[in-house]
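Small disclaimer: the values here were computed from a predicted structure and weren't measured. Along the sequence shown, the residues carry numbers beginning at 1.
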Amino acid sequence: MHREGTPVGGTDGIGDTDSPGAVHGAAAPDGAPDTARGRRPVAAALMLGMGLAAIDGTIVATAVPQIVGDLGGFSVFSWLFSGYLLAVTVTLPVYGKLSDTFGRKPVLIAGIILFLAGSLLCAAAWNMAALIAFRVVQGLGGGALQGTVQTIAADLYPLRERPKIQAKLSTVWATSAVAGPAVGGLLAAYADWRWIFLINLPVGAVALWLVARHLHEPARPRPVTRPRVDWAGALAVFATGALLLTALVQGGVAWPWLSTPSLGLLGATAALGALTVLIERRAADPVIPGWVWRRRTIASVNLALGAMGLLMVAPTVFLPTYAQSVLGLGPIAAGFVLSVMTLSWPVSAALSDRVYNRIGFRRTAVVGMSGALLVLLCFPQLPYPGAAWQPALLMLLLGAALGLFQLPLIVGVQSTVGWTERGTTTASVLFCRQVGQSLGAALFGAVANGVLASRLADAPVSGLPGDLDAVSHALEDPSELSAAATDYLRRAVDTAVDHVFTGAAAAAALALLVLVLLAPRRFPVLKEHESAPPAPED
């Protein structure tokens, strides 16, 4: 296997006659079907599996009022999302390692079954505590879906064709972002909220059948010794991630950042993190191998996508608040302002191969993130109150820029490792992106509330709400506020969101620095025969 500093072929291993994807009349890499027709059922299964995970968050969000009205538990309903996110994130590294050890197919099948079992249990939940627990079960399956689907996509398609499947998967996320709220709202209004979980069953059943019937992995060499799973390391990674995400999600919400619960959770996270490192260094086959961070390509992509996860919080979390509280749009129109980003993202991703085939993975990602940085810096310059088309245009450009940034890095880093390391590598990338999003939600939430608090301290009237959520609710029905108070609150929200986008621009600058200073100029791409699984022994 080639290491960093020993590029294969031309720029990023692309452009010469021996580059990946140049194989004709033979089996596709990793024993995948050798025709487009043979790959279609598996690609359909991947899209259905990704769709289950992608639509989950948006479809549940619209039914929260009905769920709370039926089951109660308003004070803890946020854990419907936090519990699911936590389970997905902390299991990604574990599933990545398991897919490298035992194969993708059994891990994906187990993930689909676990997700469907969680969905069925959620539909039968009798109170909020049970529903939250069953959402965690769903998340345990969702972690297998997200990581393994991305890994199989890389196994299934040679490098030159990989943007096609990645663009399809990006389209699934885009469609889910638009369709999820609509479907969830219709089911909650005209049926019952339990159907938002039950509709997963037929979709998942089709995906399960397609995977079981059409996904054929190549025979692997019989190991000399029985594979040993690092269960101690897996448990340590799970516990560390759970404590960290709980601290990030609940800090500043359920309790102040400098309170005993926050400091205790962060201190326990640090202690468990040190223990995890010790366990992994001593393990014969660790869940998170040291080479993930010793190889420049993988480490730099992990950090860059972590920074992207950080900046994504600005448009996905704070833009809807801006659209409703500052621009005065309704929920549907506010959702449209954000959804235009999901329209340009897959298109840009699908066309990114035309760029990185010419200039390489790193330079393409630099171009994409440079564009994202400019867009994020433009947002605070928008006029107040402005028109809806202005942030919508910026989101359209941001989606195009991030599609040009993310996909080349994922495709590039997957192409630098062999079959037996691809699951772990893909999972590490997704894990860092998820942690970046959780960190961004905590960090930018604190920034927004801090800016808002300082503005409200000098408010012309008393009795105004004191945090971003309360202000947003007050502006949804401003009839009880004076015109001056309403305008002051809207300007305060505008200022708070401007500061968040400035912080997101700083995260984009951080991603650029990582690419320029840490990432190798040329990714050490492997030939297809080098990245395939080793031939079985006779």
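- Within the 6.0 Å centre-distance limit, the rings of Y322 and F379 are counted as a close aromatic pair.
- In terms of heavy atoms, V137 sits closest to G118 at CG1-CA, 3.8 Å.
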Exercise. Would Q150 and L430 satisfy side chain to side chain contact (heavy atoms under 4.5 Å, CB included), going step by step from the backbone distance to the final call?
Worked result: CA-CA 9 Å; Q150 292 280 6; L430 299 179; 4.1 Å; yes
For this session: Evaluate the criterion side chain to side chain contact (heavy atoms under 4.5 Å, CB included) for residue pair V347 and L343; output intermediate values, then yes/no.
Result: CA-CA 7 Å; V347 174; L343 301 179; over 6 Å; no
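- Within the 4.5 Å cutoff, side-chain heavy atoms of V417 are placed close to those of I298.
- Counting heavy atoms from C-beta outward, L85 and S438 have side chains that approach closer than 4.5 Å.
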Problem set entry | side chain to side chain contact (heavy atoms under 4.5 Å, CB included) assessment of R363 paired with R521 | CA-CA 8 Å; R363 291 178 181 175; R521 297 181 64 182; 3.7 Å; yes
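- In terms of heavy-atom proximity, G147 sits nearest to L92 at N-CD2, 3.8 Å.
- Inter-residue side-chain proximity for L275 and L272 is flagged as met; some heavy-atom pair is nearer than 4.5 Å.
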Exercise. Side chain to side chain contact (heavy atoms under 4.5 Å, CB included) between E280 and T276: does it pass, once the steps are laid out?
Worked result: CA-CA 6 Å; E280 294 297 84; T276 301; 4.1 Å; yes
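- Side-chain contact between C432 and L305 is absent, with no heavy-atom pair separated by less than 4.5 Å.
- Summarising the geometry, atom OG1 belonging to T91 is positioned 10.0 Å from atom CZ belonging to F431; distances are rounded to the nearest 0.5 Å.
- Nearest heavy atom pair, residue G96 against residue A427, reads CA-CB, 3.8 Å.
- Neither side chain, T420 nor D100, offers a donor N or O lying under 3.5 Å from an acceptor on the other.
- Between R295 and E421, at least one side-chain nitrogen of the basic residue sits less than 4.0 Å from a carboxylate oxygen of the acidic one, meeting the salt-bridge criterion.
- With contacts defined as side-chain heavy-atom distances shorter than 4.5 Å, the pair Q414/T425 does not qualify.
- More than 12 heavy atoms of other residues, nucleotides or ligands sit less than 6.0 Å from atom CH2 of W293.
- Nearest approach of A448 to A496, heavy atoms of both residues: O-CB, 3.7 Å.
- Closest non-hydrogen pair, A507 versus A307, comes out as O-CB, 3.6 Å.
- Judged by distance alone, the side chain of R522 and the main-chain N or O of G360 form no donor-acceptor pair under 3.5 Å.
- S344 places a side-chain N or O within 3.5 Å of a backbone atom of L396 that can act as its donor or acceptor partner.
- Formation of a donor-acceptor pair under 3.5 Å by the T416 side chain with backbone atoms of V525 is not found in this model.
- Partners of D353 under the side-chain contact (heavy atoms from CB on, under 4.5 Å) rule, at least two apart in sequence or in another chain, are P163, Y356, N357.
- Using a 4.5 Å cut-off on side-chain heavy atoms (C-beta onward), V136 and L86 make no contact.
- Remark: side-chain polar atoms of R162 are paired, donor with acceptor, to backbone N or O of A154 under 3.5 angstrom.
- At least one donor-acceptor pair closer than 3.5 Å links the side chain of R135 to the backbone N or O of L80.
- Atom CG of L526 and atom OG of S415 lie 8.0 Å apart (nearest 0.5 Å).
- Note that CG of N449 is 13.5 Å distant from CZ of F444, once rounded to the nearest 0.5 Å.
- Checked by atom type and distance alone, the side chain of K105 pairs as donor or acceptor with a backbone atom of L215 at under 3.5 Å.
- Nearest heavy-atom pair, V366 versus L512, reported as atom, atom and distance to 0.1 Å: O-CD2, 3.6 Å.
- Summarising the geometry, atom CG belonging to L407 is positioned 4.5 Å from atom OG belonging to S352; distances are rounded to the nearest 0.5 Å.
- Using a 4.5 Å heavy-atom threshold, the side chains of L402 and M369 count as touching.
- At least one donor-acceptor pair under 3.5 Å links the side chain of R296 to the backbone N or O of A519.
- The shortest distance between side-chain heavy atoms of L409 and L515 falls below 4.5 Å.
- When atom types are taken as modelled, the side chain of T148 and the backbone of L145 share no donor-acceptor pair closer than 3.5 angstrom.
- Once rounded to the nearest 0.5 Å, the distance linking CG of L114 with CG of L140 reads 5.5 Å.
- Distance check, rounded to the nearest 0.5 Å: CZ of F405 to CE of M308 gives 6.5 Å.
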For this session: Check the pair S99 / T151 against side-chain hydrogen bond (donor to acceptor under 3.5 Å, both in side chains), numbers first and verdict last.
Result: CA-CA 9 Å; S99 74; T151 304; 5.0 Å; no
